[in-house]
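Letters go in sequence order (proteins before strands), and every chain restarts at 1. Quantities reported herein were computed from a predicted structural model and do not represent experimental measurements.
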Amino acid sequence: MAILFWLGITLLFLDVSGVLHTYLSWMAKLQFLPAIMAVNVGVIVLIVVLTLLVGRIYCSVICPLGVMQDIFSWLAGKLNPDKKKRKFGRFRFFAPAWMKILRYAILVIVVIALVFGSGTVVQIFAPYSSYGRIVTMIFRPGVDYINNLLADWAAENDSYAFSHVELWMRSSSVLIVAVCSLITIGLMAIFGGRFYCNSICPVGTVLGFLSRRSILRVHIDASKCTKCGLCERKCKAMAIDAKRHYVDNSRCVDCFDCLESCHFNALKFGIINPITPTTPINPIETTQKTTPVAPSRRTFLSTALTVAAVSKLEADSKIMDGGLAVIADKKPYVRETPVCPPGALSLRNLQQHCTGCQLCVSACPNNVLRPSAGLLHFMQPTLSYELNHCRPECHACSDVCPAGAILPLGTTHEEKMARKSSLKIGRAVWIADNCVPLTDGVSCGNCAAHCPTAAIKMVPSDPEDRKSVRIPVVDEERCIGCGACEHLCPSRPYSAIHVEGLEVQREI
Amino acid sequence: MKNIDRRDFLKRIGAAGAVVGATTTLAACAGGKGSEAVTEAITGNAVNSGEKPIGDMTYRTNRRGDDKVSLLGYGCMRWPTVSRGKALPDGNDIDQEQVNRLVDYAIEHGVNYFDSSPVYCKGFSERATGIALKRHPRESYFIATKLSNFAEQLHSREASIQMYRNSFKELQVDYIDYYLLHSVGGGGMDNFSKRYLNNGMLDFLLEQREKGAIRNLGFSFHGDVEVFDWLLANDDKYHWDFVQIQMNYVDWLHAAEQNKRNVNAEYLYGELQKRGIPAVIMEPLLGGRLSKLPVHVVNHLKERRPDMSVASWAFRFCGTYPGVMCALSGMTYMEHLQDNLRSFCPLDPLTEEDLAYLEDTAQNILTYPTVPCNDCNYCMPCPYGINIPAIFVHYNKLVNEGVVPKDAQDPNYRDLRRKYLISFDRAVPAIRQADHCIGCGQCAPHCPQNIKIPQQLRRISARIEELRQNL
C-alpha cells in the first residue's frame, strides 16, 4: 500500500500527458502540510485521528518522502558490506538529547515561519514538497527525455500515442535545492533509516507528538523478551531500546519490521493504556488562520527594465531562396510583481498556502509555470511566457494544488474556462524600444491579433498621420494577463509587450 | 568544334531514342517507332511497374533544331539535404554525394536537361549541380540557369552582370545552353523594366547569345500576363528560343479561377504554339501536390492505371502536348527520379478520354480547401522565422487525408484533434508555426503562385487555435 501511494504520487509528478491528474490528485490532497495550508479540515482531522488511533501510519504509507527513504534504506541494508548487518539489521537505538531538541527547534522555526508567512522555510522542511521538488526537478527531465524518444519512435510509426514535450530548465536555483535535499535525505536514509523523519521533518515531529499517545502502539512484552536485540537492529527509526524493553512511540513509523523479526512474539501492536482524550486541533492551524502576514516587496527586482538590450531581427532584403532565419530564444522578463497562477487569488494567499511541492509546475502542460527564484517566493510557482502563454482552455494547476494555494476555478470544464477568461492575473505593458513596427519598420499587430479579450488595439504611431506605422495600445481594464501577447511578440530575446503580475487577482 | 561534338554525341543517343529528330521545328514524340515501343512496353510490363525505367527516353527538339532535349528535365531546386548540423560552415547543406548519384543515374537514363538558378537551395544549387555535371562530358548535357535578380540591390547592371558571370563560375562551364530571365511577370511591366530594360540587361544577354556564351535565351513566367504578352509581341526582336511556363492539368483551365492574378496554362501554351516557341514546363506536378491527392482521387487514378503512379499522370499530361520541349521535375529522391523516368521512357501520350478524365480530376481537386503552395521556398527565409512552406504542405496533407476534426460532438473528434495538433507540432516546431506570423507581408511578393501568404497563415492559425481551445 505504501508502494502504491508512493507510485501514485510519483506518477502524478512525472505524468507527461496530464491524464493521471484527474485520477490521482486526491493523493496529493491527503498530504498533511498542504492540508494545513489549505485548511482542509477533513484531511487534517483524518490524519490526526488516524495517528491517535494507530500511530504514524501516515509516515510509512502516505508520505512519499518517507517511502523514498525506506527504499534508500532498504537498498543500503541489502548492499551493506557487513554480512551480519545484512542479515540481522544494522540499526542501534539512538536517542541523544540533541535530536529531540533539534526536532522541536525545527518545528518551532517552521511554526514561526508559518505565522510570519515565510513560505521558503516551510517549503524547505515540508516532506511532501521536498519529494515533489526532487521528482519534478531531477527526475522529470529524464522522463520527458524518454517521452521524447518514444514520441520520435511514434512519429516514425505514424502513431499519435506520444507527443513531443519541451525539455527545459525550470529553475536552476530550485534544482540546486532539490539536489541538496536528495543528497542530504538520501545519505541520512542510507546511514540512519528514518533519521530525517525523527530529527528534522516537522510533520514527523507533530505526528510523533500525537503517536506517543496513540491507542494502538508497538510495545515489548518484557516477560517474553530475551533482549536479543534483533528488533532493535531492524528498527529503521532507531526507536527500540531492547535492553530496556523500550519503544519510543514518538518515532515509531508503524513499519512493523520489529514484529516480524521477533522470534518470541515479545513485540505487540495493541492497546497499552487508554489515552487522555486530546482534541484533534492543530496548533499550527489556529495560529495561522489569525495571523496577518505583511507582504513586502522585493527591491532588487526593480532592476527589471535594465534588461532592455534588444537584438533586432535582421530585416535585410532576401537574395537567396529557402533556409530558415535563426530565432533567438526568448529571455524571461524580471517582473516587478510576479504573475501568480490563475486561482491563486493573491500573492499573499499563494505565499501563505504554497508548500512548494512543484505539483502545479509539473502539471502545467504549456511550460508556463516554473518555481520562482526570488527570495520571498522561493520555490513557489510563478508564470512566465517564453515558451507559451497561459492558455484559455487549461486549468491544470488549480486542479492539482493540494495546499489551497491555487483554488479550483469551478466544477466543470466549461465553468473553469469561463472563469479563467474573466480572471485578471496580470496586465500587459508595452515597451516601445522593442516594438517591431518601430524597430524594423514593418507592420505587425500579432499581440492584438491574439489577445483573447481584445484588450490590445493597433493605433497609428503618429496621431496626426493615420497612415503611420501602427503600434499596440493596451486597455488595462480588459487585459487578463494571459501572456499571449508576450509569447507571440516577434521581438527577441525580450518581447515588446510583457505582463506584470497583480498583488490581487480579480474578475473583470 | 563544340557543336559538332555535341551533335555526334546526340546522334549516338538519338539512334537509341524513340524520336528521329526532324530538321523542322517541333517534333511530336509519337512517331511510328515510338508507338511500337510504347505498346510493347505496356503489354510487357502492365502489372509490374518495377524500379527501372522500361524503355528509352523521349526527346524533343529546340526552336533552332540543333538540340535534342530529354522530355524529362531535372529541376535543381529541390536537391537532397544533409541532416541538420552536418551542413558546411557556409550554410551549404546539399547532400553532394546523393546529388552526384542522382545526376549519374539521370544521365545514364537519357536525361540531358538540368535547370538551376543562382538562388535555388539557399544559393548553393548551381555549385552542387556544377560539381555533379563536371564529372560528365560537357556535350552530354544541357545546362539551364537564370538571371535571378529579384532583390532590389541586384537591379543594377553591375550587380546583374556579376550574378550572370558567377553562374559560369559556379557551374564550371564556359557557355550556358539555356539562359532565362527568371520569373518575369511578378510586379508587372514596372518590375520587369527595373530588372531587365532600364539597366540594359536584356540587351546584354542578347549580345551574349550572339557571342555564343548563351546558346538559347528564354524567360520563365509567373503572374501578370501583360509582361508575357509584351515579350511575345516583341519576339521578332528578341527571338526567344524557348519559354518556361507553369503547366499541369489543374492550371490548364483553372489557374485564373483559383487566383485572378494567375494565367491559365492553355492560354500561355497556345500563344507559344502560335509562334512555334517550345515550352519548358515548370510545376508539372505543382511541387508534389499532384502526387499527394485526396484519397478517393488517388483511388480513381489507380483504378484507371494500376501500374502507374499518381504523379505519372501529371507528367504524361505535359508530354502529350507536342509543343512541350521538356517538363521539369525537382527530384529529391531516387524513387522520384525512377518514377518520372518511367513516365517518359518512352512517353505514352494521353488519349482524348484520358484528358477529359484529368479535367474531371482537376475540378475534383479544386473542391478541397488546400493552399496552392508548391513548396518552392521562394518566400523563404521569413525574417521572423516562420516556416511558411512547411506549414502549407502539412496543412494540405491534413486536408487531403481528411484528418480535419469538425464537430466536437463527433465521436472521432478527440482522436482527430489530437492527431491534427500533434502532427502539426511534429511537422513544424512551435516557434515557426503560423501563430507567430506578424503579417508584415514581406513574403507575399516573392510567391510565384501569388498566394496571400499572411492571410492564409492567419486562417490556419485561427483553425489551430480553435482546435486547441475546444477539447
I'd like to know whether [atom1] of [X] has more than 12 heavy-atom contacts from other residues, nucleotides or ligands below 6.0 angstrom.
X	atom1	value
B:Arg157	CZ	yes
A:Glu393	CD	yes
A:Trp168	CH2	yes

Side chain from CB out, backbone as N, CA, C, O: work out which of these in [X] comes under 4.5 Å of a heavy atom of chain A, or both, or neither.
X	value
B:Asp425	neither
B:Pro389	neither
B:Phe150	neither
B:Arg468	both

If we define contacts as heavy-atom pairs under 4.5 Å, which of [options] has the most with chain B?
options	value
A:Ala484, A:Ala449, A:Cys444	A:Cys444
A:Cys489, A:Ala155, A:Cys447	A:Ala155
A:Pro437, A:Gly445, A:Pro392	A:Pro392

Are B:Glu465 and A:Arg391 close enough for a salt bridge, meaning some N to O gap below 4.0 Å?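 A salt bridge links B:Glu465 with A:Arg391.
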[atom1]-[atom2] distance between [X] and [Y], expressed to the nearest 0.5 angstrom:
X	Y	atom1	atom2	result
B:Lys419	A:Ser159	NZ	OG	10.0 Å
A:Met320	B:Tyr120	CE	OH	13.0 Å
A:Asp321	B:Ser148	CG	OG	7.5 Å
B:Gln442	A:Asp440	CD	CG	8.0 Å
B:Gln469	A:Cys394	CD	SG	12.0 Å

At their closest point, which heavy atom of [X] faces which heavy atom of [Y], and how far apart are they?
X	Y	result
A:Ala325	B:Cys382	CB-O, 3.3 Å
A:Ala154	B:Arg426	CB-NH2, 3.9 Å
A:Ser443	B:Gly439	OG-O, 3.5 Å
A:His450	B:Asp435	CE1-O, 3.2 Å

Segment of A:His487 engaging chain B (4.5 angstrom heavy-atom cut-off):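 When you check distances to chain B, atoms from both the backbone and side chain of A:His487 fall under 4.5 Å.
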Measure distances from A:Ala448 to the heavy atoms of chain B and classify the residue's part below 4.5 Å as side chain, backbone, both or neither.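 Neither part.
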Output, in order, the C-alpha distance, side-chain angles, deciding distance and verdict of side chain to side chain contact (heavy atoms under 4.5 Å, CB included) for B:Ile431 and A:Arg492. CA-CA 12 Å; B:Ile431 51 166; A:Arg492 286 168 180 271; 3.8 Å; yes
May I ask you to name which of [options] has the most heavy-atom pairs under 4.5 Å with chain A?
options	answer
B:Ser461, B:Ala430, B:Gly441, B:Cys379	B:Cys379
B:Ala462, B:Cys437, B:Pro454	B:Cys437
B:Thr81, B:Leu471, B:Ile438	B:Ile438

Quiz question: by atom type and distance under 3.5 Å, do the side chains of B:Tyr384 and A:Asn446 form a donor-acceptor pair?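 No, no side-chain donor-acceptor contact under 3.5 Å.
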